[in-house]
Number of protein chains: 2
Amino acid sequence: MVLQVHHRIVTHRIRIKDIALQAGVSTGTVDRVLHNRGEVSQATRDKILSLIQESDYTPNLAAKSLANRNPYRIAVLIPEGDVTNPYWKMPLRGIRRAAREIRDYNTGIEIYRFDMDSRSSFQTRLTEVLKSNPAGVVLAPVFQDQAAEFLKQLNDKGIPCVLIDSRLRKSNYLSAFGQDALKSGFLAARLMCFGIRPGSSILLLKLARPDGIIHHLSRRAKGFSGYIGKCTPSKDISIRTLTIDLTAPGEPAASLDKAMAEQPDIAGIFVTSSRASVVAEYMESRNKSEIILIGYDLTEANRKYLKNGTIDFLISQKPDDQGYNSIMTLCRYLVFKLLPVRIQYSPIDIITKENIDFYQT
Amino acid sequence: MVLQVHHRIVTHRIRIKDIALQAGVSTGTVDRVLHNRGEVSQATRDKILSLIQESDYTPNLAAKSLANRNPYRIAVLIPEGDVTNPYWKMPLRGIRRAAREIRDYNTGIEIYRFDMDSRSSFQTRLTEVLKSNPAGVVLAPVFQDQAAEFLKQLNDKGIPCVLIDSRLRKSNYLSAFGQDALKSGFLAARLMCFGIRPGSSILLLKLARPDGIIHHLSRRAKGFSGYIGKCTPSKDISIRTLTIDLTAPGEPAASLDKAMAEQPDIAGIFVTSSRASVVAEYMESRNKSEIILIGYDLTEANRKYLKNGTIDFLISQKPDDQGYNSIMTLCRYLVFKLLPVRIQYSPIDIITKENIDFYQT
DNA sequence: CTGAAAGCGCTTACAG
DNA sequence: CTGAAAGCGCTTACAG
C-alpha cells in the first residue's frame, strides 16, 4: 500500500519476514546475517545483505526490546552530592529518569557513590563494581589514574563504559560526556567584559577543595583569563586571581574582605565552581550586590541568588541531561547495538533571572 | 526475584498476566478494566482495580506499541519557510525527526503548508485536512479566527489538536507549545541594559510583514520597552521604535540611514523578528558593527552574523524541539493515551558567538 | 459478562 | 548451514 500525500509517502514498514520471503529463506537466517552471528553460507549471506541494502530496512525497536530476554545491569559510579558538593545531585536526577524509561528494555541500574575527597572510597567502589560484573558502566572519572586502570580492566572483560562530566586521554571507552570548559570560560569572560565598566578590576575566584584538583575548573579559569586578556585593551580591565579554601574557618569572608580592601575597584567576580552562592551571601552581607557575579550551575543555593539579582549569570551545562543521556547511550548500545559518537559535548547555557523559569532541567 | 543493591532494588516488572492470575480472571478482562472498555461486572472490576493500585503496575510501552494494530495519521499544518520567513524551517526539522521515530508506533505524518501572508491558502489547507480525517492535528494557528473555527470542527469530530508556536484563547486543544514572548523581551532588554553605555539610545526595530500582525512579535516589543523603562533611571537610556516594511524598495537601508542621522547616539538595536541578519548586513555596510545588536532565532543568516560578531546575542526557543515535541505529544496521546499538560513553554535561550557551537538544535 | 487464541516483529534455543 | 516454533507483554476479534 502506497499512499501519496503532500510531500510525503506513507508505506508499510519492511520487516525481517519480507526480506526472508524475497530471499527464499527463513527469518532466523536473515536475523543471523543481520547480527553477524555467522553460520550462514556466503551465497545466501550476500543475497540477504543486498536485499537489506535496497529495502532500507530498519528494525522495529519496540519488537526488538520486547523480544530481548536477557536483563542488563548498568553500574553507575558517581560522587556523593552534599552541601559542599551540590553539583552531583543534578546528573543523578537525569540518571533516575533514564532508569525509569529503560525498564521497558529490561535494563536496570545500580548506583555506587564515592566520596569526592577520598581516593580510597573511589577505589573501593571500583572494586565492587568490577566484582558485580555489570553489563555496562557509567563512570565519573574523578581520580584519573585509578579510573584509567579501571577502564583497562573493563576493556579486558568486554564491558562498555560511558564517562560522565569529563574525558580521559588515551583510554578506551564507549563515549564521553563533557563540557568544553575552556570555551565556557570564554563565554563567562565575554559576558563580564560586556557589562563591566571600563577601568575596573575583576576577581577570578577559585574555591578549592581539600584534595581536589578538578581539571575542568582550572580550564574554566584559563579560558576566562585568556579572553579578558583580549578585551582589556578597549576597556582597561585588570584581573586578579584568588584561591580560597572554604573549609578553613572564617572563609570566604576573611579572604574576600582582604581582597576588597586592597582593591576597592573590583566590579566583577567570576567563580569557577558551583559555589557562587557563598560569594553572593558574602556580597549581600557587605552590601556589595552591585558587583557583577558570574558562576556555574543551577544549584538550589545559586538559584536563590540568581532570582534576587545578586548573581547576574549562571552558566549551566544541563547536568540532568548529561546523566540521562549517559544511561540512554549505554542502554541503546546494549539493547540495540547502536554505536554512539565518542565525545558528546554538553551545551553551555546562560541563565539569568529572566529566563530561569523556562530553563529545562 | 528481589535483589538488593546499593540504594536500589531490581524486581521483575508486574504484567497484566500477574494481575489476572491474582484476580483469578483472564488477561482480556484485566485489559478491559485497564481501558474502561466496559463489559465487566462491578465485583471483578473493583477487585482488579485494587490489585492494580497495590501493584504499581505500569504497562510495557514496547509491547503496547507492538500490539497496536491501527495506523494513525497526523496532519501537520505549518507555514512555508522561505527567505522572507526562515523561521519555519526549524520546527520542521524536529517534526521530521519525530516522524522517523514514531514509525515504530505505527504512526505517520502528512505535512500541509500554507502561505503565511495568505488567509485563503490557510483556509484551503484547513479544508483539506478536515476532509482527510486525520487521527490528530498539529497546527500553527497563524490566522486566529479561522484557526478557532477549525478547532471547533475538530472538536466535534473528536480529533485532538496540538498548537505550535502560539496559544489560542478560549479554544479547545490538547496542548499548546509556545514561548513567553513578554519575558523574552525582558531578557533582551536586560542584556541590552547590561552592556550599553550610559546616556545612549536604543532602537526597537519592527520588521513588518505585509499582512502579518504576528502576536508574539508585539509582545516581545512590549516586554523590551517595559524593562528598559525600569532600567533607564540608572543608565539614562532613551528608546525609539521604528517599523520597516522590508518588501519596500531600498529598505531597510533608507529608514535606518534616516534614523541614524536623526539620532547619532544609537548604541543598541533590538529586532523583534528573526530577521536581525538584514540589520547586521546594513550595519556592516555602514561600518557600524560596534552597535549592540540583539535579535531572535538561529537562522542560517543570523548564525553567520553572530559568529562574526555583528550580532551580539540571539534569543532562541529551540524551535526544533518544539516541532519534535508537538508530534511526540500527539503520538503519545494517540498510542498510549497519555494526557499532556496544556501549556508547554519553550526555553528562552541566549546564544552568543562563544556558545553557539554547543547549542543543541 | 468472560476466556481462549491469534498476532504485532523480533530473538533464541532446538532440531535437523 | 538452515528452518520451525516458542516467547516477549500487550491488544483484539471471536466464541460462548
Side-chain angles (χ1 to χ4, degrees), chain A residues 11-49 52 55-72 102-107 332 334-338, chain B residues 11-49 52 55-72 102-107 332 334-338:
Chain A
T11 76
H12 271 161
R13 278 287 275 279
I14 284 133
R15 304 156 302 172
I16 286 188
K17 201 181 189 176
D18 300 318
I19 310 265
L21 231 54
Q22 287 180 60
V25 298
S26 76
T27 61
T29 303
V30 175
D31 190 74
R32 276 178 203 104
V33 348
L34 234 24
H35 297 91
N36 291 310
R37 299 204 258 106
E39 309 194 349
V40 180
S41 76
Q42 194 59 45
T44 57
R45 190 182 148 78
D46 290 346
K47 189 171 186 179
I48 290 169
L49 238 27
I52 289 169
S55 65
D56 86 318
Y57 166 77
T58 53
N60 182 319
L61 297 187
K64 246 182 130 140
S65 73
L66 189 59
N68 185 59
R69 223 78 106 283
N70 44 345
Y72 294 111
I102 63 179
R103 291 179 65 191
D104 284 346
Y105 302 129
N106 222 343
T107 304
R332 277 192 290 259
L334 293 171
V335 179
F336 304 131
K337 311 293 172 241
L338 292 178
Chain B
T11 78
H12 272 159
R13 279 288 275 278
I14 285 136
R15 304 156 301 175
I16 286 188
K17 202 183 191 176
D18 299 319
I19 309 264
L21 232 52
Q22 287 180 61
V25 298
S26 75
T27 61
T29 303
V30 175
D31 190 74
R32 275 177 204 107
V33 349
L34 235 24
H35 297 92
N36 291 311
R37 296 202 260 106
E39 309 195 350
V40 180
S41 76
Q42 194 59 42
T44 59
R45 189 182 149 77
D46 289 345
K47 190 172 186 179
I48 290 169
L49 238 28
I52 288 170
S55 65
D56 84 320
Y57 166 78
T58 54
N60 183 319
L61 296 187
K64 245 181 130 143
S65 73
L66 189 58
N68 185 60
R69 222 79 104 282
N70 43 343
Y72 294 110
I102 63 177
R103 291 178 65 193
D104 285 345
Y105 301 128
N106 222 342
T107 305
R332 276 192 289 262
L334 293 171
V335 179
F336 303 130
K337 311 290 172 243
L338 292 177

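Side chains are part of it too, since the values below use all heavy atoms of this structure and drop only hydrogens, waters and symmetry mates. Chain identifiers are assigned alphabetically (A, B, ...) following the order of the sequence lines, protein sequences preceding nucleic acid strands; residue numbering begins at 1 within each chain.
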For this session: Starting from the C-alpha separation in whole Å, work towards a yes-or-no answer on side-chain contact (heavy atoms from CB on, under 4.5 Å) for T27(A) and D31(A).
Result: CA-CA 6 Å; T27(A) 61; D31(A) 190 74; over 6 Å; no
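- When each of dT11(C), dT2(C), dT12(D) is scored by its nearest atom to the side-chain atoms of K64(A), the top-ranked nucleotide is dT11(C).
- The two residues A23(A) and K47(A) have their closest heavy-atom pair at O-NZ, 3.6 Å.
- Helical stems in DNA chain C, defined as runs of 3 or more consecutive Watson-Crick or G-U wobble pairs with both donor-acceptor distances under 3.5 Å, are listed by first residue as C:1-3 with D:14-16, C:5-12 with D:5-12, C:14-16 with D:1-3.
- Ranking dG7(D), dT11(D), dT2(C) by closeness to the T27(B) side chain, first place goes to dT11(D).
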Let me check something: any side-chain donor-acceptor pairs from residues 14-21 of chain A under 3.5 Å, sequence neighbours excluded? List them with distances.
unit_1, atom_1, unit_2, atom_2, d
R15(A), NE, D18(A), OD2, 3.2
R15(A), NH2, D18(A), OD1, 2.8
D18(A), OD2, R15(A), N, 2.7

For this session: Dump the intermediate steps for side-chain contact (heavy atoms from CB on, under 4.5 Å) on N106(B) and Y72(B), then the final yes or no.
Result: CA-CA 6 Å; N106(B) 222 342; Y72(B) 294 110; 5.7 Å; no
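- The nucleotide whose nearest atom lies closest to any side-chain atom of R32(B) is, among dG3(C), dC10(D), dG3(D), dG3(C).
- Remark on DNA chain D: of its neighbouring residues G24(A) and N60(B), the 5'-side contact belongs to G24(A), judged by nearest-heavy-atom nucleotide.
- When the side-chain nitrogen and oxygen atoms of S41(A) are compared with OP1 and OP2 of dT2(D), one or more of them lie within a distance under 4.0 Å.
- Rounded to whole angstrom, the span from the OH atom of Y105(B) across to the P atom of dC10(D) amounts to 15 Å.
- As a whole-Å value, the separation of H35(A) NE2 from dG9(C) P is 16 Å.
- Considering only side-chain N and O atoms, Y57(B) lies under 4.0 angstrom from the phosphate OP1 or OP2 of dC10(D).
- A close approach under 4.0 Å does occur between a side-chain nitrogen or oxygen of T44(A) and OP1 or OP2 of dT2(D).
- Atom pair L66(A):CG and dT12(C):P shows a separation of 12 Å (rounding to whole Å applied).
- Listed for the T107(A) side chain is a donor-acceptor partner under 3.5 Å among the backbone atoms of Y105(A).
- Taking atom CZ of R103(A) as the reference point, atom P of dC10(D) lies 12 Å away to the nearest angstrom.
- Here the P atom of nucleotide dA5(D) and the NZ atom of K17(A) are 13 Å apart, to the nearest Å.
- Residue order along DNA chain C, read from the 5' end via each residue's closest nucleotide, puts S26(B) first among L34(A) and S26(B).
- Atom-to-atom, NZ of K47(B) to P of dT2(C) comes out at 11 Å; the value is rounded to the nearest Å.
- The separation between D18(B) atom CG and dG9(D) atom C1' is 10 Å, rounded to whole Å.
- Taking the side chain of I16(B) as heavy atoms from C-beta on, and the options dG3(C), dC10(D), dC10(C), the nearest nucleotide is dC10(D).
- Note: S65(A) OG to I102(A) CD1 = 12.0 Å, rounded to the nearest 0.5 Å.
- Going from atom CD1 of I52(A) over to atom P of dC10(C) covers 11 Å, rounded to whole Å.
- Nearest heavy-atom pair, L66(B) versus L66(A), reported as atom, atom and distance to 0.1 Å: CD2-CD2, 3.4 Å.
- Considering only side-chain atoms of A63(A), the nucleotide from dC10(C), dC14(C), dT11(C) that sits closest is dC10(C).
- Nearest heavy atom pair, residue S55(A) against residue I52(A), reads OG-O, 3.1 Å.
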